[in-house]
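Below, all heavy atoms of this structure are taken into account, side chains as well, without hydrogens, waters or symmetry copies.
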Amino acid sequence: MRPTVHDIAAAAGVSLATVDRVLNRRPGVRHVTREKVETAIRELGYIRDVAAANLAKGRTYPLVFILPASDNSFMHGLNGEIRQAILRSAAERTDIRTVEVSAFDPAALVAVLEELSREKPCGVAMVATDAPEVRATVDRLVHAGFPIVTLVSDLTGSLRHHYAGVDNIAAGRTAARLLGRFLGPRKGEIAVLAGSMLVRDHRERLEGFTAVMAEEFPELAILPVLEGRDDPEIAHMLVADALARNAGIVGVYSLGAGNRGLIRALKEKAVDRTLTVIAHELTTHTRAALIDNTIDAILNQDAGHEVRSAIRVLKAKADGLPVIDAQERIRLDIFLKDNLP
């Protein structure tokens with residue numbers, strides 16, 4: 001049976017009020033009495049339930065999500081999951097708000113982080129743009145005691161507390177293996193559509209993809225990356241142009257979130273279905289494209305799990321509690337038209 005504050009009070013020969021003062025590091029306790037209480041805590045193996053204590057006090061956790069302002073379906077879905085979390089705020093004792101910044105804009109992200117440092121929320125979750133100035137700002141805020149979680153795209157090398165997202169190198173490697181196996185002995189060129197090489201998730205997916213293609217499918221040549229800034233209109237223009245200029249394209253890997261534009265370009269071109277297409281994120285549009293055979297496979301991350309994970313981690317960090325790594329691991333799902341949820 002777990003020891004309680006009553007057990008501590010009895011062992012130390014003090015009142016419950018004195019135990020409470022020691023546990024909450026409040027003044028008004030003599031040094032010798034404080035030592036008695038701390039000795040009793042150690043000997044009894046008492047572990048304080050910080051979450052329960054905060055519940056009793058009615059503590060609320062103000063949290064901020066920083067997202068890129070982007071007209072792509074995945075970010076719309078991520079926003080939707082945050083709105084669902086806001087609806088649960090009363091039960092989870094959170095006060096959540098979202099701040100949008102220009103996509104792939106390090107200066108804009110730094111400006112928002114600087115502003116939040118003056119507001120002092122309990123924690124910040126952000127889709128990171130991987131730039132030295134962002135890393136320096138995050139490190140400074142962490143040193144100042146701000147819990148920070150990166151969401152979807154990481155900021156490796158920074159002092160951020162946690163990353164809520166998939167292993168993007170593994171995702172890229174998986175995409176390459178799927179594409180290579182689907183294409184079989186065919187030779188040709190592979191078009192790669194990204195959002196921006198300024199974000200680490202896209203760079204890591206490309207790194208994993210190119211490594212496996214070079215190692216195991218050298219007969220497939222990867223064309224220069226098309227950076228569509230996760231904008232459907234830009235993605236449409238880039239893919240349509242690439243297909244018009246390169247008759248040797250046999251496959252497409254869309255590693256970002258400009259899939260609405262990609263799908264439009266493929267349908268307008270009336271592409272022969274010998275073209276194999278692998279994309280990321282299961283949305284309304286990619287689901288329909290899987291069903292009508294425009295896309296062959298989708299690699300998906302669970303945005304809802306990522307949002308819930310970020311909230312759990314930020315609350316734990318605010319309370320000084322450990323994070324349960326297994327609970328926060330984000331799974332990569334592979335969907336074909338045959339196993340859609």
Side-chain angles (χ1 to χ4, degrees), residues 51 59-70 72 74-89 91-106 108-131 134-135 137-168 199-201 230 257 281 301-325 327-331:
R59 181 185 182 183
T60 298
Y61 299 81
L63 306 175
V64 179
F65 281 79
I66 307 175
L67 303 182
S70 179
N72 72 68
F74 178 74
M75 284 301 161
H76 291 325
L78 192 64
N79 256 307
E81 294 295 344
I82 295 170
R83 287 194 295 272
Q84 288 298 312
I86 291 171
L87 294 177
R88 300 191 299 269
S89 288
E92 297 180 355
R93 295 172 293 116
T94 55
D95 179 12
I96 298 170
R97 68 186 178 95
T98 302
V99 176
E100 288 195 340
V101 299
S102 298
F104 314 120
D105 187 341
L109 183 53
V110 167
V112 169
L113 288 169
E114 295 283 5
E115 179 65 27
L116 291 175
S117 72
R118 292 186 282 274
E119 296 180 16
K120 296 182 170 55
C122 275
V124 174
M126 66 175 193
V127 177
T129 299
D130 191 9
V134 176
R135 192 173 293 105
T137 302
V138 166
D139 289 353
R140 183 171 56 76
L141 293 181
V142 170
H143 278 304
F146 286 85
I148 294 182
V149 167
T150 51
L151 187 69
V152 179
S153 185
D154 200 7
L155 195 60
T156 305
S158 73
L159 297 177
R160 57 91 178 125
H161 293 92
H162 184 77
Y163 163 57
V166 297
D167 180 337
N168 284 297
V199 287
R200 182 167 287 274
D201 58 330
D230 285 346
E281 316 316 347
Q301 56 190 319
D302 187 337
H305 188 182
E306 289 168 337
V307 170
R308 294 189 297 273
S309 176
I311 292 169
R312 281 194 298 266
V313 171
L314 290 174
K315 289 173 68 176
K317 292 300 179 183
D319 288 336
L321 297 175
V323 172
I324 304 171
D325 289 336
Q327 184 181 21
E328 310 310 338
R329 189 173 298 115
I330 308 298
R331 186 179 63 190

Looking at every heavy atom in both [X] and [Y], which two are closest together, and how far apart are they?
X: Thr129; Y: Pro106; answer: CG2-CG, 3.8 Å
X: Ala131; Y: Leu155; answer: N-CD1, 4.3 Å
X: Ala316; Y: Val323; answer: CB-CG2, 4.4 Å
X: Ser309; Y: Glu328; answer: OG-OE1, 2.7 Å
X: Ala310; Y: Ala164; answer: N-CB, 4.4 Å
X: Ala257; Y: Asp230; answer: N-OD1, 2.8 Å

Could you check Phe65 against Val127 for side-chain contact (heavy atoms from CB on, under 4.5 Å), going step by step and ending with a plain yes or no?
CA-CA 8 Å; Phe65 281 79; Val127 177; over 6 Å; no

Hey, are the side chains of [X] and [Y] touching, using non-hydrogen atoms and a 4.5 Å cut-off?
X: Val152; Y: Glu306; value: yes
X: Leu67; Y: Val99; value: no
X: Met126; Y: Val112; value: no
X: Leu113; Y: Val124; value: yes
X: Arg160; Y: Asp154; value: yes

Could you walk me through whether Asp130 and Arg135 satisfy the side-chain contact (heavy atoms from CB on, under 4.5 Å) test, starting with their C-alpha distance in whole Å, then the side-chain angles of each, then the deciding distance to 0.1 Å, before giving a yes or no?
CA-CA 7 Å; Asp130 191 9; Arg135 192 173 293 105; 2.2 Å; yes

Distance in Å, [X] [atom1] paired with [Y] [atom2], rounded so as to fall on 0.5 Å steps:
X: Tyr163; Y: Ser158; atom1: OH; atom2: OG; value: 12.5 Å
X: Leu314; Y: His162; atom1: CG; atom2: NE2; value: 9.0 Å
X: Lys315; Y: Thr94; atom1: NZ; atom2: OG1; value: 6.5 Å
X: Ser153; Y: Asn168; atom1: OG; atom2: CG; value: 7.0 Å
X: Met75; Y: Leu78; atom1: CE; atom2: CG; value: 5.5 Å
X: Asp302; Y: Glu281; atom1: CG; atom2: CD; value: 10.5 Å

Identify, with sequence neighbours excluded, every residue that meets salt bridge (charged side-chain N to carboxylate O under 4.0 Å, His left out) alongside Asp167.
none

Using 4.0 Å as the upper bound for N to carboxylate O, is an ion pair formed by Arg308 and Glu92?
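A salt bridge is absent here (no side-chain N lies under 4.0 Å from a carboxylate O).
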
Could you go through Val199 and Phe104, starting from their C-alpha distance and side-chain angles, then the distance that decides it, and tell me whether this counts as side-chain contact (heavy atoms from CB on, under 4.5 Å)?
CA-CA 7 Å; Val199 287; Phe104 314 120; 3.7 Å; yes

For a quick test of your reading: what N or O donor-acceptor pairs under 3.5 Å do the side chains of residues 137-149 make, sequence neighbours left out?
from, atom 1, to, atom 2, distance (Å)
Thr137, OG1, Glu133, O, 2.9
Asp139, OD1, Leu159, N, 2.7
Arg140, NH2, Glu114, OE1, 2.6
Arg140, NH2, Glu114, OE2, 2.7

After noting the C-alpha distance and the side-chain angles of Ile66 and Leu116, does the key distance pass the side-chain contact (heavy atoms from CB on, under 4.5 Å) rule?
CA-CA 10 Å; Ile66 307 175; Leu116 291 175; 3.7 Å; yes

